[in-house]
Amino acid sequence: MERENRNFIEEIIEKDLDEGKHGGRIHTRFPPEPNGYLHIGHAKAIFINFETAKKYGGKTNLRFDDTNPITEDTEYVESIKNDIRWLGYKWEGEALFASDYFEQLYDYAEELISKSLAYVDSSSPEEIAEMKGTPTRPGTNSPFRERPVEESLDLFRRMRAGEFEDGSMVLRAKVDMSSNNMLMRDPVIYRIKHASHHNTGDKWCIYPMYDFAHGQSDSIEGITHSLCSLEFIHHRPLYNWLIEKLEIFPSRQIEFARMNVAYMITSKRRLLKLVEENYVNGWDDPRMSTLSGMRRRGFLSKSIRRFCDVTGVAKRDNLIEMELLESIVRDDLNAVATRVMVVTDPIKLIISNYPEGHSENLTSVNNPEDESAGTHDMSFSRELWIERGDFMIDPPKKYFRLAPEKHVRLKGAYIVKAESYKTDEEGNITEVHCVYAPDSKSGEDISGIKVKGTIHWVDARSSVAVELRNYDRLFTDPNPLGHEDKDFIEFYNKESLIVNDGAKAEKYLLTVGDTEPLQFMRKGYYIKDKDSSPGCPVFNLTIGLRDSWAKKNKAKSQ
RNA sequence: UGACCCAUGGUGUAAUUGGCAACACAUCUGAUUUUGGUUCAGACAUUCUAGGUUCGAGUCCUAGUGGGUCAACCA
């Protein structure tokens, strides 16, 4: 993650460092709300917070922003921790919770009331909304704004004691109802919620709002740089106002543009809809933008980190092409994936001059990019499976695969020449008959035959059936949320999952580990799925290999 | 009819802070290849517009244009 250039956050930090601020200490935090699963957008926030701190010898806290008991749950706490660990980051000490500070926050609130900087408002939610005004029209003061300090204090204590119903009153900061910034118009900072909290149980029936919890938690933890996304920019004046009035540690909020990736969505609500309405099979469906989904898809955490790095940090809106992510995923996988042969749409190849009943073991290189990855054996005999697409009766020019009277190399084995074929009633090819050159064995070829193409194959007798789950982008539009007149679900890609249960794999595939990256040669990168059973191994397509032949043909046909 | 943020190839970020617009991805050419993969070489920009300051502006100033954000007892 080394870079010569500094992003704007690093520039700010280096300036602070130069000025000797906080004694050169750098401390960031990642503050998820435990109400959903982490997605690619969170990965960026995690990356920025952890990497920035690391770069300057600082620390990063994990703090759950758990101030709304209605939506939050411990289940999410565990999955979030797990995802952060998977991404390769270690937070400082134990995981922290805003709810750990409820007592302190309550004291801060009383302090504000005592300073006549907060008041209990007995207006209804509707009345408060009405008095708020609009962005172009100033708000009006609440009739309770000048309520005596003692009265507010008494009411606030009784709020805590549970004397009042939800919604009957709130605590508001006394800022400025005529501010251009809506958040400064006497924001609600405490509300009554008779609800059980995942951490504090029934101890509290009043809970602080985000604006009265987040900045204060930063301050309590001594966070020096509180890095968040652009939509919080309007909160900054309030963030600073509270720090100033409370006279607490001055954490500094800095906002960056969150990362948007084409064909992916990062809205918790909409991700939930995909799950609940069965457009996908759970939060960890390999098509999901969740970290658990991408992990199951076979993305390496390293690739996600690299992606976050390469896409940079700035303040302008962005929509990053998915090709960049795919390119990085391929690049990382290319270096480590074990090569195996799997025929996805098999037809029989019969070698007429190969002795019946005979078979031999050939050597297959595990990874041409990494000699230390070794080799494995492959069985070869008279009857093989090859791809339907690798044989054509009447091939176009520059078709380097098998065709009548044409030669092709069987990867890691011999050169064969097609002679005839058989079809079914519908004209589909069922068998191809060929002859092989016994002196063309891979590595010791003295046949002198020149071939243009090499195809993959699998020994018919020893092959095993496997299920392939081939994934494509979840949406047909790069920005499914960017259409005011259309619901994002209209762009759901019905072909985002195509199950292939007719593939034939070399036997070696059964011996690979559950998390071992694989390359099905000439096809794509795959990873074993948790749905595998001993009788039916299942593999997820992580990403297909680049296919310039297919691309060229597609371009031609258009 | 407000306030705030933003504007550099198709996309995303750079530009040693005022000094030859760079990198990656994408696209197109070509070479290599026992994966049509990988690898290698090459091509691809009037820095939103108009003024201004300056020997010199992507960078500073002014005005405009365009995009985004803000009215939850959500975070």
Side-chain angles (χ1 to χ4, degrees), chain A residues 3-7 11 31-33 35 65-68 70-72 98 121 124-125 128-130 132-139 166-172 179-183 185 187-193 206-207 209-211 213-214 228 230-237 255 257 259 262 268 310-328 330-331 334-335 339 341 365 368-369 398-401 408-413 415 440 442-443 445 451-456 478 519-524 544-553 555:
Chain A
R3 249 208 272 186
E4 290 274 327
N5 303 321
R6 288 156 295 149
N7 62 47
E11 281 178 6
E33 184 186 11
N35 70 345
D65 242 336
D66 56 348
T67 57
N68 186 355
I70 313 236
T71 57
E72 294 151 6
D121 194 332
S124 70
I128 289 177
E130 178 60 31
K132 203 115 197 175
T134 70
T136 53
R137 212 174 298 270
D166 289 10
S168 58
M169 55 186 73
V170 291
L171 183 69
R172 288 229 258 170
S179 172
N180 282 315
N181 184 339
M182 298 296 289
L183 287 156
R185 320 243 264 228
V188 172
I189 57 176
Y190 258 95
R191 75 297 211 185
I192 303 170
K193 273 182 195 282
I206 57 171
Y207 294 93
M209 296 284 289
Y210 166 83
D211 285 303
H214 193 93
C228 62
L230 238 37
E231 63 260 38
F232 291 97
I233 201 160
H234 296 104
H235 293 251
R236 194 171 67 217
E255 312 85 11
M259 180 176 73
K268 276 184 200 168
V310 164
T311 48
V313 180
K315 296 183 77 167
R316 66 189 97 122
D317 294 331
N318 58 77
L319 185 63
I320 296 156
E321 292 178 331
M322 201 152 80
E323 285 84 349
L324 178 57
L325 211 207
E326 294 177 339
S327 166
I328 289 170
R330 283 196 189 100
D331 189 51
N334 178 51
R339 270 65 168 175
M341 294 209 247
V365 173
E369 308 289 322
K398 296 207 173 169
Y399 182 82
F400 299 149
R401 307 173 191 179
V408 79
R409 155 83 58 189
L410 295 175
K411 175 75 183 172
I415 292 173
S440 67
S442 188
D445 182 1
V451 293
K452 272 291 202 3
T454 300
I455 64 171
H456 61 105
Q519 187 198 96
F520 292 0
M521 272 195 278
R522 300 211 302 139
K523 286 293 168 185
L545 251 30
R546 207 172 255 120
D547 190 347
S548 55
W549 170 248
K551 188 190 279 178
K552 193 183 276 183
N553 288 333

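Just so we're on the same page: letters track the sequence lines, and every chain starts at 1.
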Notebook entry, point to check: Phosphate oxygens OP1/OP2 of B:rC70: is one of them under 4.0 Å from a side-chain N or O of A:K132?
Noted result: no
Check: Does A:R185 put a side-chain nitrogen or oxygen below 4.0 Å from OP1 or OP2 of B:rA3?
Finding: no
Next item on the list: Can you tell me the distance, in whole Å, between the CG atom of A:L324 and the P atom of B:rC23?
Entry: 16 Å
Next item on the list: Can you tell me, in whole Å, how much space there is between the P of B:rA3 and that of B:rG58?
Entry: 30 Å
Next item on the list: Figure out the CZ/P separation between A:R172 and B:rC73, and round it to whole Å.
Entry: 9 Å
Notebook entry, point to check: Looking for any heavy atom pair under 4.0 Å, which part of the strands does A:F520 touch: base, sugar-phosphate only, or nothing?
Noted result: nothing
Next item on the list: Would you indicate what A:G412 reaches in the nucleic acid, counting non-hydrogen atoms under 4.0 angstrom: base, sugar-phosphate, or nothing?
Entry: base
Check: Taking the same atom, C1', in B:rU53 and in B:rA71, what whole-Å distance lies between them?
Finding: 42 Å
Checklist line | Rounded C1' spacing from B:rU34 to B:rA24 in Å | finding: 31 Å
Notebook entry, point to check: So, is A:R401 close to the B:rG36 phosphate, meaning a side-chain N or O under 4.0 Å from OP1 or OP2?
Noted result: no
Check: Reckon A:K193 touches a base, only the sugar-phosphate, or nothing at all at heavy-atom distances under 4.0 Å?
Finding: sugar-phosphate
Note to self: Between P on B:rC23 and CD1 on A:I328, what's the gap in Å once rounded to a whole number?
What the structure shows: 17 Å
Check: To the nearest angstrom, how far is A:N5 atom CG from B:rA14 atom P?
Finding: 8 Å
Notebook entry, point to check: In the strands shown, is B:rA3 matched to any nucleotide by a Watson-Crick or G-U wobble pair with both distances under 3.5 Å, and which?
Noted result: B:rU69
Note to self: Please classify the nucleic acid contact of A:M259 as base, sugar-phosphate, or nothing, using heavy-atom distances under 4.0 Å.
What the structure shows: nothing
Item checked: Whole-angstrom distance between B:rU65 and B:rU39, as gauged at atom P -> 48 Å
Next item on the list: Go ahead and name the base partner of B:rA45; Watson-Crick or wobble counts if both distances stay under 3.5 Å, otherwise write none.
Entry: none
Checklist line | Spacing of A:R236 atom CZ relative to B:rU69 atom P, expressed in whole Å | finding: 18 Å
Check: Can you tell me how far P in B:rU11 sits from the matching atom in B:rU27, rounded to whole Å?
Finding: 15 Å
Notebook entry, point to check: Taking only side-chain nitrogens and oxygens of A:T136, does any of them come within less than 4.0 Å of OP1 or OP2 of B:rA71?
Noted result: no
Notebook entry, point to check: Is B:rG30 paired to anything, Watson-Crick or G-U wobble with both distances less than 3.5 Å, and if yes, which nucleotide?
Noted result: B:rC40
Check: Under 5.5 Å between ring centres and under 30° between planes: true for A:Y210 and the base of B:rA75?
Finding: no
Next item on the list: Write down the distance separating the P atoms in B:rA15 and B:rA21, rounded off to the nearest Å.
Entry: 16 Å
Next item on the list: Quick one: label A:K452 by what it contacts on the DNA or RNA (base, sugar-phosphate, nothing), any heavy atom closer than 4.0 Å.
Entry: nothing
Next item on the list: Would you indicate what A:E323 reaches in the nucleic acid, counting non-hydrogen atoms under 4.0 angstrom: base, sugar-phosphate, or nothing?
Entry: sugar-phosphate
Item checked: Pairwise C1' distance, B:rA14 and B:rG9 [rounded to whole Å] -> 13 Å
Checklist line | Nearest-Å distance for atom pair CG/P, residues A:D331 and B:rA24 | finding: 12 Å
Note to self: Tell me if B:rU35 is syn or anti. Syn = glycosidic torsion within 90° of 0, anti otherwise.
What the structure shows: anti
Margin query: Using a 4.0 Å heavy-atom cut-off, does A:R339 contact any base of the nucleic acid, only the sugar-phosphate backbone, or nothing at all?
Written below: base
Note to self: Any strand counts, and the cut-off is 3.5 Å on both contacts for Watson-Crick or G-U wobble. Which nucleotide pairs with B:rU62?
What the structure shows: B:rA50
Check: Just checking A:H456: base, sugar-phosphate only, or nothing, at a heavy-atom cut-off of under 4.0 Å?
Finding: nothing
Next item on the list: Could you check whether A:E255 gets within reach of a base, just the sugar-phosphate, or nothing at all, counting any heavy atom under 4.0 Å?
Entry: nothing
Next item on the list: Can you tell me, in whole Å, how much space there is between the C1' of B:rC44 and that of B:rU29?
Entry: 12 Å
Check: Taking only side-chain nitrogens and oxygens of A:N318, does any of them come within less than 4.0 Å of OP1 or OP2 of B:rU13?
Finding: yes
Item checked: Length of the OH-C1' vector between A:Y207 and B:rA72, whole Å -> 18 Å
Notebook entry, point to check: Can you tell me how far C1' of B:rU35 sits from CG of A:L545, to the nearest Å?
Noted result: 7 Å
Notebook entry, point to check: Reckon A:R546 has a side-chain N or O less than 4.0 Å from the OP1 or OP2 of B:rG36?
Noted result: no
Notebook entry, point to check: Any idea which of B:rG12, B:rC70, B:rC73 is nearest the A:P135 side chain?
Noted result: B:rC70
Next item on the list: Name the nucleic acid region contacted by A:N181, choosing base, sugar-phosphate or nothing; use a 4.0 angstrom heavy-atom cut-off, strictly under.
Entry: nothing
Next item on the list: State whether A:R6 places a side-chain N or O below 4.0 Å from either non-bridging phosphate oxygen (OP1 or OP2) of B:rA15.
Entry: no
Notebook entry, point to check: Between B:rA75 and A:T71, is there an OP1 or OP2 to side-chain N/O distance shorter than 4.0 Å?
Noted result: no
